[in-house]
Chemist: 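I have a structure here, written as structure tokens, and I will follow up with some questions on it.
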Amino acid sequence: METVISTDKLTKRFGDFIAAHELSFEVGKGEIFGFLGANGAGKTTAMRMLCGLLMPSSGKASVAGFDVYTETEKIKRNIGYMSQKFSLYEDLTVAENIRFYAGIYGLSFSDIKRKTDELLSKLGMQGEAKKLVSALPLGWKQKLAFSVSLVHEPRIVFLDEPTGGVDPVTRRQFWDLIYYAANSGVTVFVTTHYMDEAEYCDRVSIMVDGVIAALDSPGNLKKQMNAPDMEDVFYQLARKAKRSE
Amino acid sequence: MIRTFYFILEKEFKQMMRSKGLIRMLIMMPIIQLILLPMAANYSIKNISLAVVDNDHSEYSRTLVHKITSSGYFKLTAYTKNTKEAFKEIEKDNADLILEIPHNFEKNLVRENGQKVSVQINAIEGVKAGLSGGYLANIINDFNSEIRTRWIQPQGPDEAAIVSIAPINWYNRYMNYYLFIVPGILVTLITGIGMLQTAFNMVKEKEIGTIEQINVTPVKKQAFILGKLVPYFVLSALVFIIGQVVSFLFYNIHSTGSYFTVFVSMCAFLFALQGFGLLLSTYAENQQQAMSLGFFFMNILNMMSGLYTSIDSMPMWAKVMTGSFPLSHFIRVMRMVMLKGSSITEVGDHLLIMVGLGLVFNTWAVLNYHKRS
């Protein structure tokens with residue numbers, strides 16, 4: 001399988017505090033890679049380094065074949081990103097948000113139109129195209145934000161707690177969208193606090209106190225730790241944490 | 001690059017036009033500020049409350065008091081018998097000034113050819129105190145020369161030659177206060193929009209987190225920043241034009257010099273000012289911080305830029321400081337062009353300084369903006 005993300009001892013220090021310590025892992029094309037950990041374990045830090053938002057302190061990493069130190073602008077052409085904070089413009093309409101993000105990624109006017117129609121019909125939001133994003137319910141906003149992060153057909157999409165605060169039905173729909181994207185060859189790198197979502201991932205890594213404590217498929221992890229579900233796996237690992245929030 | 005910029009601009013304009021109350025602000029702000037402020041922020045002091053202690057009760061003392069009250073600057077609020085009572089009026093804020101006419105005022109004036117009156121001024125409001133003291137001294141002087149000429153006349157006019165000054169006021173012939181203050185207020189009007197709105201707009205993206213989304217796109221930071229400048233530049237220019245119309249309609253103020261020069265100077269000014277706003281926004285994390293920083297600088301700019309007080313009478317360090325304010329240059333240029341009719345070459349130095357400041361602020365802001373922390 002083609003490798004699209006690889007890190008080697010990737011580390012981020014903030015003064016004396018080591019937010020992410022010697023992270024080494026690889027993610028293959030089309031994989032759904034879950035990134036788990038308690039609050040403050042270093043998940044977001046790791047993700048921000050890979051997206052070119054945060055300068056690593058040491059170690060190596062490449063994303064979509066480009067170096068995170070020197071080729072961040074090339075990385076940015078090939079990734080989509082959905083942050084913890086909602087990142088669409090609430091004072092623009094649904095269609096205007098799609099148009100803006102598609103436009104700044106360099107899509108042609110005809111592509112923008114095609115993509116907008118395609119995306120809206122996939123989400124079943126044709127009727128909402130002219131509504132301000134601020135008027136949408138949270139679940140819809142999150143689905144829209146995810147779809148917008150894919151508008152330029154990136155090779156990898158980074159999702160930072162995309163389903164926080166979303167109801168179970170919408171979460172399920174959200175994961176349908178993730179599967180759909182992964183099936184079309186997009187690599188999905190996702191952080192989450194929901195253990196049922198961890199079960200949906202091809203592989204998960206669990207971070208504890210800035211280091212990767214475990215990395216395998218959910219099935220293997222459960223077997224290794226003799227746990228009935230991912231919740232128990234997570235609990236066994238996370239309670240060893242010394243760092244408080 | 002140009003395509004990207006087009007989409008950024010489109011988004012910024014849509015957001016600006018959609019922001020609530022903007023049109024109201026656009027029309028109301030110049031009108032209210034230009035109509036209310038010049039009337040309130042007026043230097044010519046009128047209605048000074050005067051308490052008179054007349055110990056003489058003579059014809060001369062009454063003539064003096066009458067002369068003072070008929071000047072239009074003073075209104076007599078108390079006519080008392082002793083200083084103590086008059087002072088109470090000052091303490092109660094009923095009087096700004098006490099004029100005390102001593103016993104035998106008339107007698108001494110006629111017999112000994114000289115007499116002193118005492119004036120006590122409430123100096124809490126310094127400018128008012130200085131000016132009202134000055135007015136009063138002028139009136140008493142007038143009174144003085146009047147009675148002297150009255151006495152001297154029989155002997156002929158040669159004996160007391162009086163030198164009087166007849167000043168000619170250039171550029172503002174009737175010392176019209178509005179002519180001085182209105183162009184200045186027009187400048188502060190667009191300062192608020194150009195500097196603060198630019199800063200708030202940028203910080204808002206930080207606060208709601210959309211800036212992070214922009215930072216993971218290949219958009220160049222220069223393009224993003226320029227996209228933030230243009231809409232508020234257009235808005236400020238519009239308010240400026242509306243302001244010019246208002247000052248023409250209400251004060252009949254029109255530029256003696258060319259409006260082209262006025263407009264070019266405005267562009268240079270906004271370039272510098274918006275650069276400064278952006279610079280503030282790169283240091284502020286949220287709108288509250290930006291607001292505090294913005295108002296801190298707005299206060300300094302308004303008080304020190306020569307809008308209300310003369311820069312020439314400031315201490316050296318302050319003069320040097322005002323040299324780095326785009327506002328003080330633009331206010332000067334506005335007065336030069338609108339009142340004196342100065343040409344673009346005559347205000348060239350100020351233009352160059354504003355453009356220079358703009359380059360410094362904008363470059364600093366771009367360098368201080370990091371897509372990656």
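Here is the naming used below: chain letters follow the sequence lines, and residue numbers restart at 1 for every chain. Note that the structure is predicted; figures quoted are calculated from it, not measured.
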Chemist: Taking the side chain as every heavy atom from C-beta outward, state whether A:F100 and B:I8 have any pair of such atoms under 4.5 Å apart.
Modeler: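 Yes. Closest side-chain heavy atoms under 4.5 Å.
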Chemist: For the candidates B:I211, B:T4, B:V216, which exhibits the highest count of non-hydrogen atom pairs separated by less than 4.5 Å from chain A?
Modeler: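 Most heavy-atom pairs within the cutoff with chain A belong to B:V216.
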Chemist: What part of A:Y81 gets closer than 4.5 Å to chain B, counting heavy atoms only: side chain, backbone, both or neither?
Modeler: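 It is both, since atoms from each part get that close.
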Chemist: Measure A:R99 against the heavy atoms of chain B and call it side chain, backbone, both or neither at under 4.5 Å.
Modeler: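 Contact with chain B: backbone and side chain both.
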Chemist: With a 4.5 angstrom heavy-atom cut-off, is it the side chain or the backbone of B:E207 that approaches chain A, or both, or neither?
Modeler: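 For B:E207, backbone heavy atoms alone lie under 4.5 Å from chain A.
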Chemist: Are the side chains of B:R18 and A:T93 in touch, meaning some heavy atoms are under 4.5 Å apart?
Modeler: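 Yes, close enough: below the 4.5 Å cut-off.
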Chemist: When the ring planes of B:Y6 and A:F109 are compared, do they come out parallel, tilted or perpendicular, using 30° and 60° as the limits?
Modeler: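 Aromatic pair B:Y6/A:F109 classed perpendicular.
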Chemist: Taking atom CZ as the centre, does B:F248 end up with more than 12 heavy-atom neighbours from other residues, nucleotides or ligands that are less than 6.0 angstrom away?
Modeler: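 12 or below, so no.
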Chemist: Write down the atom of A:E73, the atom of B:T217, and the distance for their closest heavy-atom approach.
Modeler: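 Heavy-atom minimum between the residues: OE1-O, 4.3 Å.
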Chemist: Within a radius of less than 6.0 Å around CD of B:Q288, do more than 12 heavy atoms belonging to other residues, nucleotides or ligands occur?
Modeler: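 Not more than 12 within 6.0 Å, no.
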Chemist: So, does B:Q213 use its side chain to make a donor-acceptor pair with the main chain of A:M82 at under 3.5 Å?
Modeler: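 Not at all, since once roles are kept as given, no pair shorter than 3.5 Å links the two residues.
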Chemist: Can you confirm whether B:K221 is buried at NZ, in the sense that more than 12 heavy atoms of other residues, nucleotides or ligands lie under 6.0 Å from that atom?
Modeler: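 Yes.
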Chemist: Below 4.5 Å from any heavy atom of chain B, which atoms of A:L88 appear? Answer side chain, backbone, both or neither.
Modeler: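 Only the backbone of A:L88 comes within 4.5 Å of chain B.
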Chemist: Within a 6.0 Å radius of atom OH on B:Y259, are there more than 12 heavy atoms belonging to other residues, nucleotides or ligands?
Modeler: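 Yes, enclosed.
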Chemist: Counting distance only, does the side-chain N/O of A:K76 pair as donor-acceptor with the main-chain N or O of B:N215 below 3.5 Å?
Modeler: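 It does hold such a pair.
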Chemist: Could you check whether atom NZ of A:K113 has more than 12 heavy atoms from other residues, nucleotides or ligands sitting under 6.0 Å from it?
Modeler: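 Not more than 12 within 6.0 Å, no.
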Chemist: Work out which heavy atom in A:S87 is nearest to a heavy atom in B:T210; give both atom names and the distance.
Modeler: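 Minimum heavy-atom contact is O-CG2, 3.4 Å.
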Chemist: Closest heavy-atom contact between A:L92 and B:K11?
Modeler: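 Shortest heavy-atom separation between A:L92 and B:K11 comes out as CD1-CG, 4.0 Å.
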Chemist: Select one option (side chain, backbone, both, neither) describing which atoms of A:F158 are under 4.5 Å from chain B's heavy atoms.
Modeler: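 Neither the backbone nor the side chain of A:F158 comes within 4.5 Å of chain B.
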Chemist: Check each atom of A:I112 against the heavy atoms of chain B and say whether the ones under 4.5 Å are side chain, backbone, both or neither.
Modeler: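 Contact with chain B involves the side chain of A:I112 alone.
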Chemist: Roughly how far, to the nearest 0.5 Å, is CZ of B:R3 from CD1 of A:I104?
Modeler: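 One gets 11.5 Å once the value is rounded to the nearest 0.5 Å.
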Chemist: Atom NZ of residue position A:K74 - does it have more than 12 heavy atoms of other residues, nucleotides or ligands inside 6.0 Å?
Modeler: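 For A:K74, atom NZ is not crowded (no more than 12 foreign heavy atoms under 6.0 Å).
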Chemist: I'd like to check A:D160 versus B:E212 (side-chain heavy atoms, cut-off strictly below 4.5 Å). Are they in contact?
Modeler: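 No, every pair of side-chain atoms sits at 4.5 Å or beyond.
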